[in-house]
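We use all heavy atoms of the structure for the numbers below, so side chains are in, but hydrogens, waters and symmetry mates are not.
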Protein chains: 2
Amino acid sequence: MTAGLQPDMFDPACPTTVMPFQIGDKWTAMVLLCLEGGPRRFTELRVPLRRVTPKVLAETLRSMERDGLITRSAYDENPPRVEYSLTPLGHSLLKLLDAARSWCTEHMGDLVAARAAFTARPAATGS
Amino acid sequence: MTAGLQPDMFDPACPTTVMPFQIGDKWTAMVLLCLEGGPRRFTELRVPLRRVTPKVLAETLRSMERDGLITRSAYDENPPRVEYSLTPLGHSLLKLLDAARSWCTEHMGDLVAARAAFTARPAATGS
DNA sequence: GGCGCCGGTTTCGTTGCGGTAACCGGGGGT
DNA sequence: ACCCCCGGTTACCGCAACGAAACCGGCGCC
């Protein structure tokens with residue numbers, strides 16, 4: 001069943017959006033996650049990331065390839081087929097990403113609470 | 001001895017600049033590191049981060065305060081004194097930052113090598 | 001012959017982060 | 001009177017990232 005690549009697995013309204021992390025470009029972490037279950041094709045990657053335009057996805061994949069996180073395999077078939085898969089380096093980065101995700105699930109409540117408390121500030125009633 | 005806050009501890013030429021991480025804003029991780037050894041004042045923070053302008057540092061500190069990573073303590077003295085210190089949440093984030101730094105020291109060689117190999121590409125000599 | 005699939009590229013526009021420079025207010029030193 | 005210190009704020013600017021839309025070439029299908 002395509003190993004859990006649902007169209008909305010990266011909902012932009014997901015609260016983790018507010019978390020203070022970034023791995024590579026905006027979509028790098030999500031690509032990493034999508035490739036965790038094995039190689040994927042270009043259009044296949046656009047499904048869970050369906051808001052991303054081909055241009056941006058291509059840029060992301062290029063820089064990830066350049067950094068040795070993924071490999072690109074093009075098969076001369078018809079229709080053309082291109083598969084992206086994680087390298088060992090990509091896998092190791094995935095572990096770090098998991099650590100970051102653990103931090104998020106563990107502390108997101110604190111962060112949201114801190115923001116709420118900050119918004120409801122004393123408003124500097126000096127007078 | 002100000003616990004190791006040297007002016008060049010975050011050299012912009014540092015190779016870790018190429019690493020695919022980001023915690024919060026550009027300077028957040030460095031502020032975290034600077035506060036590891038105890039509370040620091042505004043101008044004191046500008047020493048190791050001496051390239052950062054007061055505006056940007058203020059923005060960074062504000063958002064960190066908003067997220068509950070640091071606390072701001074203003075003392076009504078003369079000259080005015082303001083101290084920033086880590087919260088427990090900030091400390092926990094520091095641990096994650098350490099994990100990221102470990103990944104960097106461990107895999108930076110791979111990444112640099114991958115980039116070098118990618119630059120020296122076969123250049124698609126189709127003809 | 002026209003349409004669609006696949007894996008992109010090209011062009012253009014917008015947005016927002018980061019940076020530069022100047023200024024501020026209150027006090028103290030000389 | 002003048003300047004400096006501290007902890008900022010304000011106005012302005014440039015660049016790179018992100019995004020929308022259109023296009024591309026080779027092939028198969030109908």
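When the nearest nucleotides of DNA chain D are assigned to Pro54(B) and Pro54(A) by heavy-atom distance, the more 5′-ward of the two goes with Pro54(B). Residue order along DNA chain C, read from the 5' end via each residue's closest nucleotide, puts Arg72(A) first among Arg72(A) and Arg51(B). Closest-nucleotide positions on DNA chain D for Glu59(A) and Pro79(A) were compared, and the one nearer the 5' end corresponds to Glu59(A).
If you measure from atom NZ of Lys26(A) to atom C1' of dA16(D), you get 14 Å, rounded to the nearest angstrom. Remark: P of dG26(C) and CD of Glu77(B) are 18 Å apart, rounded to the nearest angstrom. Regarding Trp27(A), its CH2 atom lies at a distance of 9 Å from the P atom of dC18(D), rounded to whole Å. What separates CD1 of Ile70(A) from C1' of dG7(C) is a distance of 14 Å, to the nearest Å. Taking atom CD of residue Glu83(A) and atom P of nucleotide dG7(C), one finds them 9 Å apart after rounding to whole Å. Separating the CG atom of Asp25(A) from the P atom of dG16(C) is a distance of 18 Å, rounded to the nearest angstrom. Arg81(A) places its CZ atom 20 Å from the C1' atom of dG25(D), with the value rounded to the nearest Å. Taking atom CZ of Arg40(B) as the reference point, atom P of dC6(D) lies 16 Å away to the nearest angstrom.
Using cut-offs of 30° and 60° for the angle between ring planes, the Phe42(A) and Tyr84(A) rings count as tilted.
Considering all non-hydrogen atoms of both residues, Val31(A) and Leu61(A) come closest at CG1-CD2, 4.0 Å.
Of the charged side-chain nitrogens involved, at least one lies within less than 4.0 Å of a carboxylate oxygen, so that Arg81(B) and Glu83(B) count as a salt-bridged pair.
Here Thr43(B) lies in heavy-atom contact (under 4.0 Å) with sugar-phosphate atoms only. If you check every strand for non-hydrogen atoms under 4.0 Å, Arg62(B) touches sugar and phosphate atoms only. Contact annotation for Tyr84(A): backbone-only contact, meaning every heavy-atom pair under 4.0 Å involves sugar-phosphate atoms and none involves a base.
Proximity of the aromatic rings of Trp27(B) and Phe10(B) is defined here by a centroid distance below 6.0 angstrom, and this criterion is not met.
In this model, no side-chain donor or acceptor of Lys55(A) finds a partner on the base of dG8(C) within 3.5 Å.
Listed nucleotides dG18(C), dG28(D), dG8(D) differ in distance to Asn78(A); the shortest reach to its side chain belongs to dG28(D). In the set dG26(D), dG18(C), dC6(D), the nucleotide with an atom closest to the side chain of Pro80(A) is dG26(D).
Between dG7(C) and Arg41(A), a contact under 4.0 Å exists linking OP1 or OP2 to a side-chain N or O.
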Passes side-chain hydrogen bond (donor to acceptor under 3.5 Å, both in side chains), Thr60(B) versus Thr28(B)? Steps please.
CA-CA 6 Å; Thr60(B) 303; Thr28(B) 302; 5.4 Å; no

